[in-house]
Amino acid sequence: MKCRPYGCMFDMDWSPDEKTETMLWHMAIQNAIEYSGKAAPGSVIGRLMSVRQDLRPHGKVLSPIIANKVTQANNLASEKGLEYLRDILAKEAPELLEEREKQVKREGLPALNNAEKGNVVLRFAPNPNGPLSFGHARGITINGEYAKEYDGELILRFDDTDTTVKPPLLEAYDTIQKEAEWLLGFKPHRVVIASDRMAEYYRHVEMMLDGEFGYVCQCSADDFREFRVGKTNCPCRDNNVNLNRDLWAKMLDGTFQPGDCVVRVKTDMTLKNPALRDWPALRIQDTISNPHPREEIGSKYRVWPLLDFQSAVEDFLQGVTHIIRGKDLMDSTRKQTLLYQHFGWKYPETMYWGRVKVHEWGGFSTSQMRKDIESGKFTGWADPRLPTIAGLSGTGIQAAALRNFWKELGVTQKDIAVPLATLYSHNIKVIDDDAPRISFIRNPVELTMVGFDEDEIKVPSHPNNQNLGVRKINLTSKTIFIERDDLEFSQLRLKEFGDFEINDNTATFVAKERTDKRRIVHWASKDSCSDAKLVAVSDGKLTSVEGKIEANDFTNGTPVQLERIGYGIISDSNIITYTHD
């Protein structure tokens, strides 16, 4: 919880200089222009931290300042219009206005090369060694958006032919399909499971051997490494078709054991890039000791395709026209292009993106997360500390926010580092208009209310959305709860209620209308609240705060805004999970 956490120490010895204050104001205006008068503090913070890394240690001081400037910018946009804001930037910070105009011109994803509407086929191909992560959301989003734009097809393909290094997780097959549909907003047009397609891969191996552009290599890994470095052919390369066929049969029947031999694609041992020199296509795996987790596959196969071969063949068989992948897979494209040339196929159009690093997460991999879950470090794939789709959705991050985040970053080979605030700003834009307001009282203190005779009041569920109705608050017992920290003030205004004087655990009613600039606090009636717990992630650790939650009938999964705390999601009848401020 970033908003008013107990024990939080602010850097009170630091404050922004005049130049930084002006910069914050101009960025708030820029954001208000970009989002039509609805600037978001999180978006401005994310932009600021990307251009002024020296300010990152002072985020807690800057956040309320930025929030204030964003409010001012939004008010100006409402009162005087966006053109007025543009005039300010044109005079005081024209470079920000020019940057905004360039962003508008670049809006949306770049066009696909050689794409014909109605004839575009893309694929998202995860390894099902675990459910989907934040990084997977990029592949789903970008491919899904292109499929929609070009009236094309999106294939969900499970690349599950590795039973040793990254063994599949059985439950991940169903989970990934559900998570992909949640992220996309539609079902993938086709679902392909590579382990069901072994006969096709074997058929293409035989085509390679018969066409003399593939061979069975019995060299050890160390020996072949010497041939590769020395740019010389290994002896196996000269095998004739009959010998290769015989060796292939022995790979299949169990004569050879894991490590004894592999099937290689003939390229050229003098190619400049060593990775492309006669690269391995299939190998033997020990599926007796380590069977495939899918019962229908189990130990049925001993020889398995490596990813570059399996993926290349499957892309052709499924008619994939465009591949969008990380730039770290450029060698895979080069390998597969050489294979396509052997078969006489046309390689799909290919686009690449660079890496995206989120400051707060550091490095996570599905394999490592799986180990940590199995060791008990995390409670499961939905643990809110993990950057998984289950973890993110469980804390209230919406599918549309993830889509908008990745669409905004687009397809660029440039490596990017972003703060979580950028994702949060997108989430706020998605949920804020429809998230009902509700009070959660941390460390509650009971007050007796005097001077007010009504037994019920009604307050709006949302300040700007009348469709959400009102909250009826029962005041029969004339007993309320406020947060203990707020007791230090003798004059308070209970939000959406009235002004009160506080003395010795008694709240004396003054007036419904505001009489002065006294502190505004949230509160709950003893007659309309219950015990609850607010769960959050703080510095990578799960924390919880006991308190009182205002009575409600929200279903699990409902995003809410907790008064003076931030956004959250109803996780259970008495548990709220904190999302962000």
Side-chain angles (χ1 to χ4, degrees), residues 2 15-110 356-360 400-412 414-433 464 566-567 580-581:
K2 295 182 180 178
S15 61
D17 57 26
E18 184 177 349
K19 182 179 178 181
T20 301
E21 285 265 12
T22 302
M23 182 184 186
L24 300 180
W25 172 235
H26 290 156
M27 282 187 168
I29 293 175
Q30 183 194 41
N31 198 255
I33 294 171
E34 183 173 0
Y35 294 105
S36 303
K38 293 185 178 180
S43 183
V44 176
I45 291 169
R47 166 77 177 136
L48 176 68
M49 297 307 177
S50 68
V51 299
R52 287 284 304 275
Q53 297 185 11
D54 60 299
L55 296 178
R56 288 179 185 171
H58 309 298
K60 292 188 182 296
V61 176
L62 289 168
S63 290
I65 298 173
I66 290 172
N68 179 263
K69 293 186 184 300
V70 163
T71 300
Q72 293 178 43
N74 287 340
N75 289 340
L76 273 181
S78 176
E79 296 168 7
K80 299 191 176 183
L82 296 180
E83 284 303 320
Y84 182 80
L85 296 185
R86 288 192 181 92
D87 288 342
I88 293 176
L89 282 192
K91 294 176 183 177
E92 300 178 10
E95 70 282 358
L96 292 185
L97 188 60
E98 291 171 8
E99 178 183 287
R100 167 62 195 142
E101 289 172 349
K102 288 178 182 178
Q103 288 174 345
V104 170
K105 291 176 184 177
R106 292 197 305 268
E107 189 173 347
L109 299 173
V356 171
K357 178 181 179 182
V358 175
H359 301 309
E360 292 84 348
L402 285 163
R403 289 197 299 270
N404 293 339
F405 173 87
W406 288 116
K407 283 192 290 184
E408 182 179 71
L409 291 182
V411 183
T412 172
K414 181 180 178 182
D415 292 338
I416 303 170
V418 293
L420 264 177
T422 305
L423 175 61
Y424 294 161
S425 68
H426 282 291
N427 203 56
I428 289 170
K429 294 185 185 79
V430 171
I431 65 175
D432 186 63
D433 288 345
N464 304 315
Y567 294 90
H580 49 66
D581 57 15

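In this text, all values refer to a predicted model and were calculated from it rather than measured experimentally.
- A search for salt bridge (Lys or Arg N to Asp or Glu O under 4.0 Å) contacts involving Glu83 returns Arg86, not counting sequence neighbours.
- The side chain to side chain contact (heavy atoms under 4.5 Å, CB included) check on Lys80 picks up Leu76, Tyr84, with sequence neighbours excluded.
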Checking Ile45 against Tyr424 for the side chain to side chain contact (heavy atoms under 4.5 Å, CB included) test, could you report, in this order, the C-alpha distance in whole Å, the side-chain angles of both residues, the deciding distance, and whether it holds?
CA-CA 10 Å; Ile45 291 169; Tyr424 294 161; over 6 Å; no
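- Applying the ring pair (Phe, Tyr, Trp, His ring centres under 6.0 Å) criterion to His26, with sequence neighbours excluded, gives no partner residue.
- Considering only residues two or more places apart in sequence or on other chains, Ser43 meets the side chain to side chain donor-acceptor pair (under 3.5 Å) condition with Asn31.
- A search for salt bridge (Lys or Arg N to Asp or Glu O under 4.0 Å) contacts involving Glu92 returns nothing, not counting sequence neighbours.
- Taking all atoms of both residues into account, the shortest heavy-atom contact from Ala32 to Leu82 is O-CD2, 3.8 Å.
- For Lys38, the side chain to side chain contact (heavy atoms under 4.5 Å, CB included) partners are Asp433, not counting sequence neighbours.
- Here the straight-line distance linking atom CG of Leu409 with atom CG of Asn404 works out to 11.0 Å at 0.5 Å rounding.
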What verdict does the side chain to side chain contact (heavy atoms under 4.5 Å, CB included) test give for Met23 and Leu48, after you've listed the backbone C-alpha separation in whole Å, the side-chain angles of each residue and the deciding distance to 0.1 Å?
CA-CA 9 Å; Met23 182 184 186; Leu48 176 68; 4.2 Å; yes
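- In this structure, the salt bridge (Lys or Arg N to Asp or Glu O under 4.0 Å) partners of Asp54, at least two apart in sequence or on a different chain, are Arg52.
- Nearest approach of Leu109 to Lys407, heavy atoms of both residues: CD2-O, 4.2 Å.
- Remark: Ser63 pairs with no residue by the side chain to side chain donor-acceptor pair (under 3.5 Å) rule, at least two apart or across chains.
- Contact detail for Met27 and Leu96: the closest heavy-atom pair is N-CD1, 4.2 Å.
- Of all heavy-atom pairs between Leu85 and Ala77, the closest is CD1-CB, 3.7 Å.
- The side chain to side chain contact (heavy atoms under 4.5 Å, CB included) test applied to Ile428 returns Asp432, Tyr567, His580, not counting sequence neighbours.
- With a 4.5 Å cut-off on side-chain heavy atoms, Glu21 and Ile65 count as touching.
- In this structure a side-chain-to-backbone donor-acceptor pair under 3.5 Å is present from Thr22 to Glu18.
- The CG atom of Leu24 sits 10.5 Å away from atom CG of Asn68, with the distance rounded to the nearest 0.5 Å.
- Across all their heavy atoms, Gly42 and Ser425 have their closest contact at C-CB, 3.6 Å.
- Contacts of Glu408 classified as side chain to side chain contact (heavy atoms under 4.5 Å, CB included), with partners at least two apart in sequence or in another chain: Glu34, Tyr35, Thr422, His426.
- Residues satisfying the side chain to side chain donor-acceptor pair (under 3.5 Å) criterion with Asn75, sequence neighbours excluded, are absent altogether.
- Residues passing the salt bridge (Lys or Arg N to Asp or Glu O under 4.0 Å) test with Asp87, sequence neighbours excluded: none.
- A distance-only check finds no donor-acceptor pair linking the side chain of Asp581 to the backbone of Gly566 [under 3.5 Å].
- Rounding to the nearest 0.5 Å places NZ of Lys357 at 11.0 Å from CG of Asp415.
- Asp17 and Thr20 form a side-chain donor-acceptor contact under 3.5 Å, judged by distance and modelled atom types alone.
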